Amino acid sequence: MADHRLDAAPETVHWGYFDAALAPRLVVDSGDRVTISTVSGAAEVMPPAPFTVPPALRAIHAALSPKLPGHICTGPVAVRGLKAGGVLEVRIAAIDLHYDWGYNTLGPQRGALPDDFATPLCVHIPLDRARNVARLSWGLELPLAPFFGVMGVAPPPEWGALSTLPPRRNGGNLDNKELVAGTTLYLPVHVDGGNFSVGDGHGAQGDGEVCITAIETGLVGTFELHARNDMRLTWPLAETPTHWITMAFDPDLDDCVVIALREMIDLVVNEAGISREDAYMLASLAADLRITQVVNGNKGVHCMLAKDLLRRG
């Protein structure tokens, strides 16, 4: 297992889009670890002093503009031997703060309540790394639980260039707050190498991300990347130390529920060796359906089930 590092810079990021035509910025072997730094925020949301704006973010603003509306993503990183049709296993080893600040925005025609707030607002939020808290403007100290909103692989070539805003089968803007350090994410692969990118760092977020932003910030993540040509997936899947998580994305929340639930039933049948009827019953008794986010075009639902309920025998 080798260790690599890929830092955000004008030469290593793509702004606003996924595209199978993007060449990898780094190629690694299966099982290697990659530490990736990310940046977040357009020029208009940069904070005043005494907050520190990383020089890499200033350089990206000067050199690049978004190809499509969306996030600044670092990558892609390709894994040797990973084949289209397989799965990229992303073990999230560590997530650390990259900024001493984050920001949150809201405004008209945005978020879950597009008609309720007439005035645009951008708030800069101090982040205390030592105490692992964010201090909100009215004095509340909110515990930090950092995760990457965007983790995705290249889409199928025939999809062309796509905005990073809606989550899709290639992952992307998952906005799933369960994907913290110690979690494993499984992504269905559409091109050889997978071409993994990451961005949209969040210091903290509630399920729903209702005003359209979390604590948006830069993060540094360490990922162990494994080629899983033995696996087949249609939708992203995650595994925490205690739970399995199935995920679904669609403009209709009802359709998200159907997809995420069917994916969980299939997983239970495979892991526990029980019938689909018994798996459906178990889901009703013990699985939790949660709204991941409702503000990114494709809405998200994830279904969580404790792993210890799937022991055979």
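Everything numeric in this text was worked out from a predicted model, so none of it was measured. Residues take their numbers from the sequence shown, with the count starting at 1. These values consider heavy atoms only, across backbone and side chains, with no hydrogens, waters or symmetry-generated copies.
The aromatic rings of H61 and W15 sit tilted, their planes meeting at an angle between 30° and 60°. In this pair, F147 and H202 present their aromatic rings perpendicular. The plane angle is above 60°, beyond the 30 to 60° band. W101 and Y99 have parallel rings, their planes meeting at less than 30° on a 0 to 90° scale where 60° marks the start of perpendicular.
With salt bridges taken as basic N to acidic carboxylate O contacts below 4.0 Å, none links R311 and E271. In summary, R276 and D266 engage in a salt bridge, as defined by a charged side-chain N under 4.0 Å from a carboxylate O. Using a cut-off of 4.0 Å between Lys/Arg side-chain N and Asp/Glu carboxylate O, E209 and K177 are scored as not salt-bridged. Under the 4.0 Å criterion applied to side-chain N and carboxylate O atoms, R5 and D7 are assigned as salt-bridge partners. Between R80 and D29 there is a salt bridge, since a side-chain N of the basic residue sits under 4.0 Å from a carboxylate O of the acidic one.
The line from CG of D200 to SG of C73 is 7.5 Å long, rounded to the nearest 0.5 Å. Between the CG atom of L165 and the CD1 atom of I212 there is a distance of 7.5 Å, given to the nearest 0.5 Å. With rounding to the nearest 0.5 angstrom, the OG atom of S284 is 10.0 Å from the CD1 atom of I265. For the atom pair OG1 of T246 and CG of L261, the computed distance is 7.5 Å after rounding to the nearest 0.5 Å. Here CD of E11 is found 8.5 Å from CG of L64. Values are rounded to the nearest 0.5 Å. Within the model, atoms OG1 of T222 and CD1 of I36 stand 8.5 Å from one another, a figure rounded to the nearest 0.5 Å.
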*Test side-chain contact (heavy atoms from CB on, under 4.5 Å) on E224 and M1 and set out the steps.*
CA-CA 9 Å; E224 190 174 301; M1 182 179 72; 3.7 Å; yes

*For the pair T292 and D175, evaluate side chain to side chain donor-acceptor pair (under 3.5 Å) and give the outcome as yes or no after the intermediate values.*
CA-CA 7 Å; T292 321; D175 281 338; over 6 Å; no

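Both V13 and M46 sit in one connected hydrophobic cluster of ILVMFWY residues. Membership requires side-chain heavy atoms under 4.5 Å apart, directly or through other members. The hydrophobic cluster containing L174 also contains I95, counting ILVMFWY residues as joined when their side-chain heavy atoms lie under 4.5 angstrom apart, directly or transitively. Both F148 and I215 are assigned to one and the same hydrophobic cluster, defined by single-linkage of ILVMFWY side chains at heavy-atom distances under 4.5 Å. In terms of hydrophobic clustering, with Ile, Leu, Val, Met, Phe, Trp and Tyr side chains grouped at heavy-atom distances under 4.5 Å, V90 and F249 are assigned to a common cluster. The same ILVMFWY cluster, assembled from side-chain heavy atoms under 4.5 Å apart, contains both L305 and I274.
Separation of the Y103 and F51 ring centroids does not fall under the 6.0 Å cut-off.
Looking only at atom types and distance, the side chain of H4 has a donor-acceptor partner in the side chain of D32 under 3.5 Å away. Remark: the S37 side chain and the H98 side chain contain no N/O donor-acceptor pair separated by less than 3.5 Å. Looking at T12 and T74, their side chains never bring a donor and an acceptor atom within 3.5 Å of each other. Under the 3.5 Å distance criterion, with hydrogens and angles disregarded, a donor-acceptor pair is assigned to the side chains of R110 and T105. Of the N and O atoms on the side chains of N176 and Q293, not one donor lies less than 3.5 Å from an acceptor on the other residue.
Using a 4.5 Å heavy-atom threshold, the side chains of L225 and E89 count as separate.
Environment of CG in L289: crowded, with over 12 heavy atoms of neighbouring residues, nucleotides or ligands closer than 6.0 Å.
With F196 as reference, L187 is the one residue of L187, V189, V79 to meet the side chain to side chain contact (heavy atoms under 4.5 Å, CB included) rule.
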